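Please read the structure below before turning to the comments.
Here the structure is a predicted model, which means the values were calculated and not measured. Note that the numbering runs from 1 along the sequence shown for the chain.
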Amino acid sequence: MKCKALMYHNVDFPPKSAKLKSLYVTPPQFRRQLRFLKSVGYSSSFLGEEKGKGVILTFDDAYRDFLDNALPLLEEFGFRAYVFVPADMVGRYNEWDWRKLNVKKELMSWEDLRFIVSRGHRVGSHSLSHPDLTRLSDRELEKEVHQSKLLLEDKLGVEVDTFCYPYGSYDERVVETVKRAGYRFAFTTEQKKFSLEDPYRIGRIGVFGNKLFVLFSFIKKFYRY
Ligand SMILES: [Zn+2]
């Protein structure tokens, strides 16, 4: 299968104060990546609907810059994407890591999310509050996994069948809880070849923006996995 999955966080210019600037891919960089994908014949794809040269674009944390910066470029090149939402943080900011990153990043509102869904993009769960799920009690884990699905489905009126582990952190117990809650797929942050052999441990190619020759390293990585 030639399908590939890519992981993004922010599409924006990083603020000076921000730590971990690699999470930011700038809009010009993102545009060049989309232009490259299109020029080599890739088009966007969703899980369970893979095709020959399909690329599954994923955006973790549902930042507002998806709406402002990524969406116009995705539409320009005809791509669609998954956005993974920490459901209790909608309309708020990255309360789970703003101290560590030294920056408060705004998340999309329910209205924003309804808008992107209406434009053909899909929403998945990234838990309720973005905790490390492996460290929670059974009860808290169940709540983060199950209630986030119900809340997103209720507020957005669509089925949510895909989960994305916060921090890429999971174990057997977490996987079983995700299965039991009715999700069909789950993304990790592991970089490996795309495969649905284990639909609850799907890897992705991480796209980071802090290097020199960003497009070159993007292309190299794209073909490696
Ligand atoms: Zn996240």
Please examine the side chains of [Y] and [X], heavy atoms only from C-beta on, and report whether any two atoms are closer than 4.5 Å.
X	Y	value
Ile56	Arg204	no
Phe30	Leu74	yes
Asp112	Arg64	yes
Cys164	Tyr82	no
Phe194	Leu47	yes
Val178	Val175	no
Thr177	Glu142	yes
Leu136	Glu144	yes

Please report the interatomic distance [atom1]([X]) to [atom2]([Y]), rounded to the nearest 0.5 Å.
X	Y	atom1	atom2	answer
Lys4	Tyr223	NZ	OH	7.5 Å
Phe66	Asn10	CZ	CG	12.0 Å
Arg224	Ser217	CZ	OG	9.5 Å

Check this for me: [X], atom [atom1], are more than 12 non-hydrogen atoms of other residues, nucleotides or ligands nearer than 6.0 Å?
X	atom1	value
Glu111	CD	no
Lys21	NZ	yes
Arg139	CZ	no
Arg173	CZ	yes

**OP:** Verify side-chain contact (heavy atoms from CB on, under 4.5 Å) between Phe218 and Leu37, making sure each step is shown before the conclusion.
**Re:** CA-CA 10 Å; Phe218 173 84; Leu37 292 172; 4.3 Å; yes

Original post:
Under the side-chain contact (heavy atoms from CB on, under 4.5 Å) criterion, do Glu159 and Glu153 qualify, and how do the steps go?
Top reply: CA-CA 6 Å; Glu159 200 203 331; Glu153 289 179 342; 3.7 Å; yes

Counting distance only, does the side-chain N/O of [X] pair as donor-acceptor with the main-chain N or O of [Y] below 3.5 Å?
X	Y	result
Gln191	Gly206	yes
Glu190	Gly203	no
Ser44	Arg80	yes
Thr188	Ile202	yes
Lys155	Leu150	no
Asn69	Val11	yes
Asn102	Ser17	yes
Asp198	Tyr200	yes
Asp97	Lys100	no

Which atom pair, heavy atoms only, marks the closest approach of [X] to [Y]?
X	Y	value
Leu107	Asn94	CD1-N, 3.8 Å
Glu50	Gly48	OE2-N, 2.7 Å
Lys143	Leu128	O-CD1, 3.7 Å
Gly124	Val160	CA-CG1, 4.0 Å
Ser109	Val90	C-CG1, 3.5 Å
Pro166	Leu133	CD-CD1, 3.7 Å

**OP:** Determine, step by step, whether Tyr165 and Phe163 satisfy the ring-ring contact (aromatic ring centres under 6.0 Å, His included) criterion, reporting the C-alpha distance in whole Å, the side-chain angles of both residues, the deciding distance to 0.1 Å, and the verdict.
**Re:** CA-CA 7 Å; Tyr165 305 110; Phe163 192 82; 5.7 Å; yes

**OP:** Could you please spell out the steps behind the ring-ring contact (aromatic ring centres under 6.0 Å, His included) verdict for His121 and Phe59?
**Re:** CA-CA 11 Å; His121 302 279; Phe59 292 80; 8.5 Å; no

Checking [X] against [Y]: charged group under 6.0 Å from the ring centre and within 45 degrees of the axis?
X	Y	result
Lys104	Tyr93	yes
Lys193	Tyr225	no
Lys38	Phe79	no

**OP:** Answer with yes or no after comparing the ring centroid distance for Phe84 and Phe187 against a 6.0 Å cut-off, counting only values under it.
**Re:**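 Yes.
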
Original post:
Does a salt bridge link Glu176 with Arg180, judged by any charged N lying under 4.0 Å from a carboxylate O?
Top reply: no

Original post:
Does Glu75 come within less than 4.0 Å of Arg119, counting only side-chain N to carboxylate O?
Top reply: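 Answer for the salt bridge query: yes.
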
Subject >> Derivation of the side chain to side chain donor-acceptor pair (under 3.5 Å) call for Asp65 and Tyr63 >> reply: CA-CA 5 Å; Asp65 60 37; Tyr63 294 116; over 6 Å; no

**OP:** Classify the angle between the aromatic ring planes of His9 and Phe208 as parallel (below 30°), tilted (30 to 60°) or perpendicular (above 60°).
**Re:** parallel

Subject >> Residue pair Phe222, Tyr42: steps toward the ring-ring contact (aromatic ring centres under 6.0 Å, His included) verdict >> reply: CA-CA 12 Å; Phe222 185 77; Tyr42 276 84; 5.0 Å; yes

Do [X] and [Y] have a side chain donor and acceptor closer than 3.5 Å?
X	Y	value
Gln33	Tyr8	yes
Asp132	Ser169	yes
Thr162	Arg122	no

**OP:** Answer with yes or no whether the hydrophobic clustering places Met108 together with Trp98; edges join I, L, V, M, F, W, Y residues whose side-chain heavy atoms lie under 4.5 Å apart.
**Re:** no

